[in-house]
Q: 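Below you will find the structure I want to go over with you.
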Amino acid sequence: MPKLSLQMIRFKHIVVALLLSVFFFFVFCFISLHGYIAWVLSNPTVAPLYSNPALAKGLQYEDITFPALDGSRTMQGWYIPVEGATKTIVFSHGYGANREESWVPMYDLAHYAHSLNFNVVMFDYGFASQDNRDIATGGKKESQQLLGAIKFAKERGAEQIVVWGFSMGAGTALQAGLTTEDVDAMILDSTFLLEPDTLYHNIKQNIDLPRQPSLEIMELLFPVLNGTGLNQIPYAKVKSEDYPFPILFMHGTQDDKAPYPIAEELAANQTHPLSDSWIVENSHHELLFREHPREYLRRVSAFLGNVHLAGLEEIKQSETASK
């Protein structure tokens, strides 16, 4: 009887050890899966540059470099000048793309901006760099890089600066807008703001993981893998901010990466009389121009025209006051 009991105890220990091993193996696999997702999100695959403004649209341009505002790295881009122009559009491209962002298509919009007598700045964020690729941080580092582009435009004589952002480039623009007084307006197409809800929304598009504890695990892993925690991205501040400059929000209801209610919420916070929004039925992420080219340009043109006239009126009032 004692011998049998000893065998049973040993058997139970073996079973418990096996069950614990299986449990910890699945926990390890579950966490590793999240680590892989976090690593992929932080290191997007970005195509090389295939063209340039001269080849694509016959636009004369300069290859430019400038520092991010915090001096953390040197940025590369193109400057497309208009002789005598004192207004500049800075394009802010999206995640997983470079300054060309062909599906938008960026060259067409740069050509359009140039035809409206805007100088144009097109540049690559660090995660899209051709020479010294960096990790993507959801706007933390990128906002400093965009502020560097804005400073470059100002140093080139821009008296009016408009940031035209796409997807995460639009969310980055809003983060940059919290700290600069050098932006006169923004055009934001398919705004993606990295926050827990949109992060989980995009993960679920590819793999059906439970919201909890997936979000908690991702929030723990991001600082380890890219040095940026979600709590370092000021998404709550952005979502409650009433910006001092006009913003045109454009978003499709079939956007599968950035749900359109986010754009509606952001737009509802704005009290600037020139701010506006265009929520497009059945349109998709960053494809608004391709799907509705005429209406897209009509709205952008009207917005830019109003911003320019308002800027001229401010200058006139300032000159009158100084006399």
Side-chain angles (χ1 to χ4, degrees), residues 80 82 85-94 101 104-122 146 149-150 153-154 158-167 169-177 180-193 238 241-253 255 258 260 262-281 283 285-316:
I80 309 171
V82 175
T86 58
K87 50 184 184 174
T88 298
I89 283 179
V90 177
F91 281 102
S92 175
H93 70 76
E101 201 153 4
V104 167
M106 202 72 89
Y107 284 122
D108 287 353
L109 295 183
H111 184 262
Y112 173 71
H114 187 267
S115 73
L116 295 178
N117 292 316
F118 279 88
N119 305 306
V120 173
V121 175
M122 304 171 72
L146 176 56
I150 291 167
K154 192 172 182 181
E159 297 173 4
Q160 190 176 65
I161 297 174
V162 178
V163 176
W164 196 337
F166 302 82
S167 189
T172 296
L174 289 171
Q175 292 179 54
T180 182
E181 296 180 356
D182 293 330
V183 171
D184 296 281
M186 287 185 180
I187 300 169
L188 303 181
D189 183 328
S190 307
T191 302
F192 178 93
L193 186 62
V238 167
E241 185 73 3
D242 181 5
Y243 288 87
F245 46 77
I247 305 175
L248 172 61
F249 292 94
M250 301 187 290
H251 217 102
T253 61
D255 193 319
Y260 75 92
I262 292 176
E264 290 185 318
E265 181 181 350
L266 291 166
N269 291 334
Q270 309 311 309
T271 60
H272 194 288
L274 296 181
S275 287
D276 198 4
S277 64
W278 180 40
I279 306 299
V280 191
E281 289 292 331
S283 207
H285 190 72
E286 289 192 276
L287 296 180
L288 278 71
F289 175 58
R290 283 193 178 277
E291 293 170 343
H292 307 277
R294 223 173 253 186
E295 182 63 12
Y296 189 102
L297 294 184
R298 186 191 72 77
R299 287 178 178 268
V300 167
S301 180
F303 178 74
L304 290 174
N306 289 334
V307 167
H308 182 57
L309 290 174
L312 291 175
E313 185 60 31
E314 283 183 16
I315 292 170
K316 192 183 296 182

Q: With side-chain contact (heavy atoms from CB on, under 4.5 Å) as the criterion, how do Leu109 and Phe166 come out once you've worked through the C-alpha distance, each side chain's angles and the decisive distance to 0.1 Å?
A: CA-CA 12 Å; Leu109 295 183; Phe166 302 82; 3.6 Å; yes
Q: Which heavy-atom pair separates Val120 from His114 by the least distance, and what is that distance?
A: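 Heavy atoms only, the tightest pair is CG2-N, 4.2 Å.
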Q: What verdict does the side-chain contact (heavy atoms from CB on, under 4.5 Å) test give for Tyr112 and Val300, after you've listed the backbone C-alpha separation in whole Å, the side-chain angles of each residue and the deciding distance to 0.1 Å?
A: CA-CA 10 Å; Tyr112 173 71; Val300 167; 4.0 Å; yes
Q: If only atom types and distance count, is the side chain of Tyr260 paired as donor or acceptor with the main-chain N or O of Ile279 below 3.5 Å?
A: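 The answer is no, because no donor-acceptor pair under 3.5 Å joins these two groups.
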Q: Using atom types as modelled and distance alone, determine if a side-chain donor or acceptor of Thr172 lies under 3.5 Å from a backbone N or O of Gly169.
A: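 Checked: no pair found.
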Q: Checking the side chain of Ser275 only, and the main-chain atoms of Ile247 only, is there a donor and an acceptor separated by less than 3.5 Å?
A: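 Yes, Ser275 side chain to Ile247 backbone: donor-acceptor pair under 3.5 Å.
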Q: Which value, rounded to the nearest 0.5 Å, describes the distance between Ile89 atom CD1 and Asn117 atom CG?
A: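 Answer rounded to 0.5 Å: 11.0 Å.
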Q: Under the side chain to side chain donor-acceptor pair (under 3.5 Å) test against Ser167, which residue among Glu101, His93, His285 passes?
A: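 Output: one option passes, namely His285.
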Q: Out of curiosity, Asp189 CG to Phe91 CZ, how far, rounded to the nearest 0.5 Å?
A: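 Reported value, rounded in 0.5 Å steps: 10.5 Å.
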Q: Minimum heavy-atom separation for Val104 and Phe289, please, with both atom names.
A: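 Nearest pair, atom of Val104 first, then Phe289: O-CD2, 3.6 Å.
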Q: Any side-chain to backbone donor/acceptor pair from Gln160 onto Val307? Under 3.5 Å, distance only.
A: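 Yes, because the side chain of Gln160 sits within donor-acceptor range (under 3.5 Å) of the backbone of Val307.
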Q: A side-chain contact here means heavy atoms from C-beta on lying under 4.5 Å apart; do Met250 and Ile187 qualify?
A: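 Side chain of Met250 against side chain of Ile187, heavy atoms only: contact under 4.5 Å found.
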Q: Roughly how far, to the nearest 0.5 Å, is the CG atom of Leu304 from the CZ atom of Phe118?
A: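 Going from the CZ atom of Phe118 to the CG atom of Leu304 covers 4.5 Å.
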Q: Are the side chains of Arg290 and Pro105 in touch, meaning some heavy atoms are under 4.5 Å apart?
A: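 In short, these two side chains touch, coming nearer than 4.5 Å.
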Q: Evaluate the criterion side-chain contact (heavy atoms from CB on, under 4.5 Å) for residue pair Trp278 and Glu295; output intermediate values, then yes/no.
A: CA-CA 10 Å; Trp278 180 40; Glu295 182 63 12; 3.4 Å; yes
Q: When you measure from the side chain of Asp184 to the backbone N and O of Val162, does any donor-acceptor pair fall under 3.5 Å?
A: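 Judged by distance alone, no pair lies under 3.5 Å.
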Q: Of all the heavy-atom pairs spanning His292 and Ser283, show the shortest one and how long it is.
A: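 Closest approach of His292 to Ser283: CD2-OG, 3.7 Å.
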Q: CD/Glu241 to CD/Gln175 distance, rounded to the nearest 0.5 angstrom?
A: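 Output value for this atom pair is 12.5 Å.
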Q: Show the nearest heavy-atom pair for residues Phe303 and Leu248, with the distance to one decimal.
A: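 Taking Phe303 first and Leu248 second, the nearest heavy atoms are CZ-N, 3.6 Å.
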Q: Can you give me the closest heavy-atom contact between Leu274 and Asn306, atom names plus distance?
A: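 Closest approach of Leu274 to Asn306, heavy atoms only: CD1-O, 3.7 Å.
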Q: Checking the side chain of Asn119 only, and the main-chain atoms of Val82 only, is there a donor and an acceptor separated by less than 3.5 Å?
A: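 Side chain of Asn119 to backbone of Val82: a pair is present.
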Q: Is the ring pair Tyr296/Trp164 parallel, tilted or perpendicular, if the boundaries are 30 and 60 degrees?
A: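 Judged by the thresholds at 30° and 60°, the geometry between Tyr296 and Trp164 is parallel.
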Q: Measuring from Thr180:OG1 to Ile161:CD1, what's the distance to the nearest 0.5 Å?
A: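 If we round to the nearest 0.5 Å, Thr180:OG1 and Ile161:CD1 are 7.5 Å apart.
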Q: Heavy atoms only: give me the nearest Ser190-Glu286 pair and the separation to one decimal.
A: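 Nearest heavy atoms, Ser190 then Glu286: OG-N, 2.8 Å.
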Q: Is a side-chain donor or acceptor of Gln270 paired with a backbone partner of Pro246 at a separation under 3.5 angstrom?
A: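 Side chain of Gln270 to backbone of Pro246: no pair is present.
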Q: If you measure from CG on Asp182 to NZ on Lys154, what distance do you get to the nearest 0.5 Å?
A: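 Going from CG on Asp182 over to NZ on Lys154, the span is 3.5 Å.
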Q: Without swapping roles, check the side chain of Asp242 against the backbone of Thr271 for a donor-acceptor pair under 3.5 Å.
A: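 Such a contact is found between Asp242 side chain and Thr271 backbone.
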Q: Go through Leu174 and Leu193 one step at a time and tell me if the side-chain contact (heavy atoms from CB on, under 4.5 Å) criterion holds.
A: CA-CA 9 Å; Leu174 289 171; Leu193 186 62; 5.6 Å; no
Q: Within the side chain of His251, is there an N or O that forms a donor-acceptor pair under 3.5 Å with the backbone of Ala258?
A: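 Yes: the side chain of His251 pairs with the backbone of Ala258.
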